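Order of appearance sets the numbers: ligands from 1, and atoms from 1 within every ligand. All figures in this text were calculated on a predicted structure; none of them were measured in a lab.
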Amino acid sequence: MENCGCITCDAATKELYEKAKNEGIETVWDRARAMQPQCGFGEMGLCCTNCGMGPCRIVKVSKDGPQAGICGATEDTIVARNFARSVAAGAAAHSDHGRDIALALYHVDDKARIKDEEKLFKLADEWGITVEGKDTVQVAKEVAEKALGEFGKVFGNLLFLKRAPEKRIKLWEETGVASEAIDKEIVRVLHSTHMGCDADYRNIIRQAIRAAMTDGWGGSMIGTELSDILFGTPMPKKVEANLGVLKKEYVNIVVHGHEPTLSEAIVVAARDPELVELAKKQGAEGINVAGMCCTGNEIAMRHGIPMAGNFFQQELAIMTGAVEAMIVDVQCIMPSLATITKCYHTKLITTSPKAKIPGATHIEFDEQKSFEIAKRIVKEAVMNFKNRKGEVHIPDEKSEGRIGYSLEAIIKTLDRVTNTHAHPSGTVKPLVDAIKSGVLRGAVAIVGCNNHKQPHDSCHVTLAKELLKRDILVVTTGCGAHACVKAGLMSDDARKYCGKGLATVCELLDIPPVLHMGSCVDISRILVLLSEVAKYIGGDISDLPVAAAAPEWMSEKAQAIGLYAVASGVYVLLGVAPAVTGSENVATYLTKDIESVFGGRFEIESDPVKAAEKIAAHIENKRKRLGI
Ligand code: SF4
Ligand code: SF4
């Protein structure tokens with residue numbers, strides 16, 4: 001794809017970016033421009049600050065500069081250590097999220113707060129928890145305790161690793177990446193990358209994989225499963241997306257961040273008749289809640305709450321002048337929000353002790369008093385309605401899509417075309433049949449963030465369209481999912497982008513060609529789906545004609561996701577190169593050699609059209625090997 005020089009392919013974003021320019025308000029794109037040229041040492045991963053003798057850097061352009069750190073660490077060691085630390089940070093973020101959800105489940109004292117009892121009992125059974133003679137609350141407590149044990153248990157591997165196909169489990173054991181306790185693996189990365197510890201780049205990456213695995217098959221999976229138990233397993237529903245979901249006459253509350261415990265409580269509080277009445281007294285027509293980033297995905301998937309936008313739209317939402325409160329918890333919240341809210345009436349409300357922002361109002365969220373605190377926060381927003389200043393500018397841009405494709409929802413959808421006289425329902429058979437027959441060539445997960453190094457949303461959308469026309473089904477999560485729903489790819493109309501085979505499958509199953517599977521922690525749903533399909537064909541995940549892509553990734557969490565996907569046997573295409581190019585050995589290992597060990601590898605390709613070609617070639621290659 002030619003880089004058109006545009007910052008985004010999204011009309012609402014363009015419109016508000018222009019507004020920001022006219023009003024002299026600085027945005028992420030301005031700060032990115034001011035940062036040019038970005039430091040080459042950092043970009044290649046060649047800078048080390050791991051001890052007081054440093055900072056050290058390796059000079060690649062000339063042999064006269066330092067070729068090792070003061071301690072003697074080579075470029076391979078420094079690059080691998082930096083990469084491993086980023087992966088550990090990403091895994092820590094997702095896993096701590098999972099821990100908070102497990103704690104929320106542990107503290108449940110009323111059966112009514114468990115929205116998916118069936119899933120709770122299924123998980124209890126999977127984990128060998130006896131349920132006879134116990135009530136739901138007791139079972140929830142025991143499941144939560146077991147989940148919490150995953151973070152610090154002394155012996156044994158992660159429980160969810162057992163969900164993988166047998167061949168994969170064996171491979172993990174043989175290669176020494178069958179992770180143990182979540183916190184332990186993350187601490188080990190920090191330990192082994194301390195000055196004077198591990199200097200073997202392959203061993204450092206092995207430990208990074210162990211940490212990454214505690215994300216996908218640990219913290220993220222715990223987060224997803226327990227969120228479904230607490231708040232309900234997503235099922236297909238309609239949703240509106242983009243900044244046009246904000247309503248001029250309403251009190252607008254944007255919930256942004258990650259953990260559903262906060263946003264769920266806000267959704268309930270915003271429906272409280274007392275608060276709605278109060279909003280009316282302030283001159284508003286009611287209260288409108290909209291979600292941003294992964295919190296947006298969580299509440300959209302479960303309640304159909306409108307999706308205001310993704311990572312690069314958080315600053316712009318405030319510039320509409322229509323947001324009474326932006327309520328945030330943890331992760332991907334730009335500290336710049338505090339500066340921008342000062343130009344408008346918007347209140348930035350932080351709620352987590354783990355993420356405070358100078359200049360924001362802090363109202364600490366406490367799971368024990370969730371409704372009470374949520375009401376207090378919503379009231380702050382309501383009372384702020386009359387403080388609007390200047391003109392409200394909401395772009396007239398919104399799309400509609402169908403979302404809510406949890407694994408359970410996908411299986412239910414597949415049941416519609418299962419001949420129950422001949423085959424049992426509740427399996428992935430129809431999906432496998434479609435892939436085997438070639439009507440569907442394969443499936444790709446498009447995940448990840450926005451990054452100024454790529455035009456906003458454009459790579460997600462172009463890549464998705466390129467795959468659809470090749471009869472490749474797309475599943476998506478995170479900010480990639482926001483991009484796709486905004487571009488109309490989750491509507492029935494999107495069948496026009498599909499090849500004949502995929503269009504027919506969508507029609508038969510009554511699904512959009514891009515399936516929204518949730519937030520970033522919900523990538524664990526994709527792992528389980530892949531495992532189910534691999535088990536069904538009696539193979540391994542690495543046998544499947546599938547791939548993953550993060551065309552606009554930026555966060556450390558995305559690096560952890562990429563690495564656990566590779567270790568799970570998936571080909572992962574990145575649109576932005578991670579900071580590993582300073583070491584040829586590390587870069588070659590991650591993009592080539594690692595495949596002979598795990599069956600998955602990284603590929604770097606910034607052009608989404610070329611990325612689609614590479615992914616399609618990979619898929620056809622897998623099909624050939626399967627003999628289909
Ligand atoms: S650990 Fe080695 S390379 Fe890193 S800062 Fe210290 S001396 Fe320099
Ligand atoms: S996709 Fe990236 S930017 Fe978006 S919420 Fe997830 S980690 Fe944050």
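For atom 6 (Fe) of ligand 1, the closest non-hydrogen atom on the protein side is C51 SG, 2.3 Å. For atom 8 (Fe) of ligand 1, the nearest non-hydrogen atom of the protein is C56 SG, 2.3 Å. Residue, atom and distance of the protein heavy atom nearest to atom 2 (Fe) of ligand 1 are C71 SG, 2.4 Å. Atom 4 (Fe) of ligand 1 has C48 SG, 2.3 Å as its closest protein atom, hydrogens excluded (heavy atom only).
Judged by distance alone, with hydrogens and angles left aside, the side-chain atoms of N82 form a donor-acceptor pair with the main-chain N or O of G45 at under 3.5 Å. Judged by distance alone, the side chain of T320 and the main-chain N or O of I394 form no donor-acceptor pair under 3.5 Å. With hydrogens and angles disregarded, a donor-acceptor distance shorter than 3.5 Å links the side chain of K237 to the backbone of M301.
The pair K354-D100 counts as a salt bridge, with a side-chain nitrogen and a carboxylate oxygen less than 4.0 angstrom apart. Taking 4.0 Å as the cut-off between side-chain N and carboxylate O, R99 and D183 count as a salt-bridged pair. The pair K60-E584 does not meet the salt-bridge criterion, since no charged nitrogen lies less than 4.0 angstrom from a carboxylate oxygen. Under 4.0 Å is where a charged nitrogen must lie from a carboxylate oxygen, and between E185 and R210 at least one such pair does. Using a 4.0 Å cut-off between a side-chain N of Lys or Arg and a carboxylate O of Asp or Glu, D228 and R302 qualify as a salt bridge.
Around atom 8 (Fe) of ligand 2, the protein atoms of type N, O or S that sit closer than 2.8 Å are C332 SG.
Residue G69 has at least one heavy-atom neighbour below 4.0 Å for each of these atoms of ligand 1: 3 (S). Atoms of ligand 1 found under 4.0 Å from any heavy atom of M53, numbered from 1 in the order shown, are 7 (S). Residue G54 has at least one heavy-atom neighbour below 4.0 Å for each of these atoms of ligand 1: 5 (S). Taking every heavy atom of G448 and a limit of under 4.0 angstrom, the matching atoms of ligand 2 come to 1 (S). Heavy-atom contacts of R81 reach the following atoms of ligand 1: 1 (S), 3 (S), 4 (Fe) (cutoff under 4.0 Å). Within ligand 1, the atoms closer than 4.0 Å to a non-hydrogen atom of M195 are 1 (S), numbered from 1 in the order shown.
Checking T13, D10, N310 one by one against N242, the side-chain hydrogen bond (donor to acceptor under 3.5 Å, both in side chains) holds for a single residue, D10.
Of all non-hydrogen atoms in M517 and L407, the two that sit nearest each other are CE-N, 4.5 Å.
Here the SG atom belonging to C459 is positioned 4.5 Å from the CD atom belonging to E552, to the nearest 0.5 angstrom.
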